[in-house]
Amino acid sequence: MTRTVDATQELAAFLRTRRERLDPHDFDLPSRRRFRRTPGLRREEVAELAGISIDYIVRLEQGRGLRPSADVVEALAQALRLAPAERAYLFDLAQQRPRNADTLATTAAPPLARMVADLSPLPAMLMNHRYDILAWNDEMARLLLDFDTLPPSQRNAMWLCLRHPPMREFYLDRERVVREGIAHLRAAWAAHPHDRALSDLITEFTTHDEEFARLWDERDVKVNGRGRKAMRHPAVGEITVDFEVLMPLEDPDQRLTIFRPADDESRSALDRLRAP
């Protein structure tokens, strides 16, 4: 018979087991008694690392029905050096929605970069939550533009749409594309409040682009993982693609975007772009 999870008791057990598996020598802790009766860190050491009272740690590990705040859960996750999946599990047990981890993607994870190349002949690219373009295949470069000709600071999908003159007339429904991009950036801005690069990017856009400033003030929030875009390519004419955005479990700050032709005419146009 399957029983439901007692979150309080499981939280207590999980904290104890994670504490007991840690090696005290891996931490810069004050020197205390040489011999330990139990493995791992002591409760007072976890309390010290997390900035939480010893009594609170004791009550959590005894399953006394406490519901720690998100800040306390985050402090415990860092003190216990939890892996990303363990951290998410701890937040779930505490019934707190996990904040995004502080580690933000600035380069493509090698397995994902290889996948982008392997998706050929479909145009594909890898971005982070800021819309920084981290990797792309030849088909995406031929469809949009040669990203290698740009400095890294300009390899950003929103920057290109707003600030790169050749791209300003590229999308047939440009306002919708910009509006959806801004709604994504607003969600990312709330999820990553300490990301200075993202804040600087938004400041640049609101300062120098009236369209962005107007739409940003509308405070739309949306993460668009699937949809359709119509484009006007200078070499092959109009192309309509269906796009899919996938988030890898191992690298949740990276987004794999794949384009597929939406109709036969668009498929033919993409074939002509690939032709030598």
Side-chain angles (χ1 to χ4, degrees), residues 103-172 174 177-178 180-182 184-185 188 192 195-198 200-205 208-209 212 224-225 227 229-248 250-262 266-276:
T103 302
L104 306 178
T106 56
T107 58
L112 295 177
R114 291 194 296 271
M115 181 178 292
V116 168
D118 290 344
L119 282 167
S120 175
L122 294 177
M125 62 182 172
L126 193 67
M127 295 185 286
N128 61 13
H129 66 279
R130 291 190 293 259
Y131 279 138
D132 294 334
I133 302 168
L134 309 179
W136 58 89
N137 60 15
D138 289 342
E139 286 77 9
M140 186 64 82
R142 292 176 183 177
L143 176 60
L144 298 184
L145 77 164
D146 186 354
F147 301 109
D148 280 323
T149 64
L150 300 173
S153 62
Q154 294 181 9
R155 293 175 193 163
N156 177 279
M158 182 57 70
W159 189 94
L160 291 170
C161 190
L162 293 172
R163 311 282 292 153
H164 191 58
M167 293 293 292
R168 289 194 64 86
E169 304 302 325
F170 184 75
Y171 294 105
L172 297 183
R174 183 177 183 280
V177 171
V178 172
E180 290 178 352
I182 292 172
H184 165 89
L185 280 185
H192 302 274
D195 183 356
R196 178 59 62 85
L198 176 58
D200 290 346
L201 188 67
I202 292 169
T203 298
E204 176 187 350
F205 292 156
H208 299 291
D209 192 283
F212 184 95
N224 211 19
K229 291 182 180 180
M231 311 166 185
R232 183 183 295 107
H233 193 279
V236 296
E238 293 187 8
I239 299 176
T240 302
V241 298
D242 293 321
F243 68 88
E244 195 80 26
V245 182
L246 308 177
M247 294 179 60
E250 291 290 331
D251 300 282
D253 193 46
Q254 304 196 23
R255 286 123 171 94
L256 178 62
T257 301
I258 305 167
F259 288 173
R260 295 177 294 113
S266 298
R267 187 181 305 277
S268 176
L270 289 176
D271 289 342
R272 294 198 301 275
L273 277 180
R274 289 197 305 271

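Not counting sequence neighbours, the partners of F212 by the ring pair (Phe, Tyr, Trp, His ring centres under 6.0 Å) test are F205, W216. Here T107 pairs with nothing under the side chain to side chain donor-acceptor pair (under 3.5 Å) rule; sequence neighbours left out. Remark: R274 pairs with P121, E139, R142, L270, D271 by the side-chain contact (heavy atoms from CB on, under 4.5 Å) rule, at least two apart or across chains. Y171 pairs by the ring pair (Phe, Tyr, Trp, His ring centres under 6.0 Å) definition with nothing, not counting sequence neighbours. The ring pair (Phe, Tyr, Trp, His ring centres under 6.0 Å) test applied to F170 returns no partner, not counting sequence neighbours.
A distance-only check finds a donor-acceptor pair linking the side chain of R272 to the backbone of V236 [under 3.5 Å]. No donor-acceptor distance shorter than 3.5 angstrom exists from the side chain of H129 to the backbone of H184, with no hydrogens or angles considered. Checking side-chain atoms of N137 against main-chain N and O of A124 turns up a donor-acceptor pair under 3.5 Å. Side-chain atoms of E180 never come within 3.5 Å of backbone atoms of N224 as a donor-acceptor pair (strictly under, hydrogens ignored). With R174 contributing its side chain and C161 its backbone, the two residues share a donor-acceptor pair below 3.5 Å. Checked by atom type and distance alone, the side chain of S266 never pairs as donor or acceptor with a backbone atom of P261 at under 3.5 Å. A donor-acceptor pair is defined here as one N or O able to donate and one able to accept, closer than 3.5 Å; such a pair exists between the side chain of D195 and the backbone of L198.
The structure places CZ of R163 at 13.0 Å from CE of M158, a figure rounded to the nearest 0.5 Å. Rounding to the nearest 0.5 Å places CG of N156 at 7.5 Å from CG of L185. Here W136 contributes atom CH2 and L143 contributes atom CG; the two are 14.5 Å apart, rounded to the nearest 0.5 Å. From R168, atom CZ reaches atom CG of L162 across 7.0 Å, with rounding to the nearest 0.5 Å. With values rounded to the nearest 0.5 angstrom, L246 atom CG is found 10.5 Å from L126 atom CG. Here the CZ atom belonging to R260 is positioned 5.5 Å from the CG atom belonging to D242, to the nearest 0.5 angstrom.
Between L119 and F259, the closest side-chain pair of non-hydrogen atoms is not below 4.5 Å. Taking 4.5 Å as the limit, every side-chain heavy atom of L256 sits out of range of all side-chain heavy atoms of L112. When side chains are defined from C-beta on, L144 does not count as touching L160, because their heavy atoms never get closer than 4.5 Å. For the pair R155/M125, no side-chain contact is recorded, criterion being any heavy-atom separation below 4.5 Å from C-beta on. Between I133 and M127 the shortest side-chain heavy-atom distance falls below 4.5 Å.
Screening residues 149-169 for ring-ring contact (aromatic ring centres under 6.0 Å, His included) gives no qualifying pairs among residues at least two apart or on separate chains.
Summarising the geometry of A105 relative to L134, their closest heavy-atom pair is CB-CD1, 4.2 Å, with the distance given to 0.1 Å. Looking at every heavy atom in both residues, T240 comes nearest to A230 through OG1-CB, 3.9 Å. Contact detail for I239 and V241: the closest heavy-atom pair is CG2-CG1, 3.9 Å.
By the 6.0 Å contact criterion, CE on M115 is open, its count of non-hydrogen atoms from other residues, nucleotides or ligands being 12 or less.
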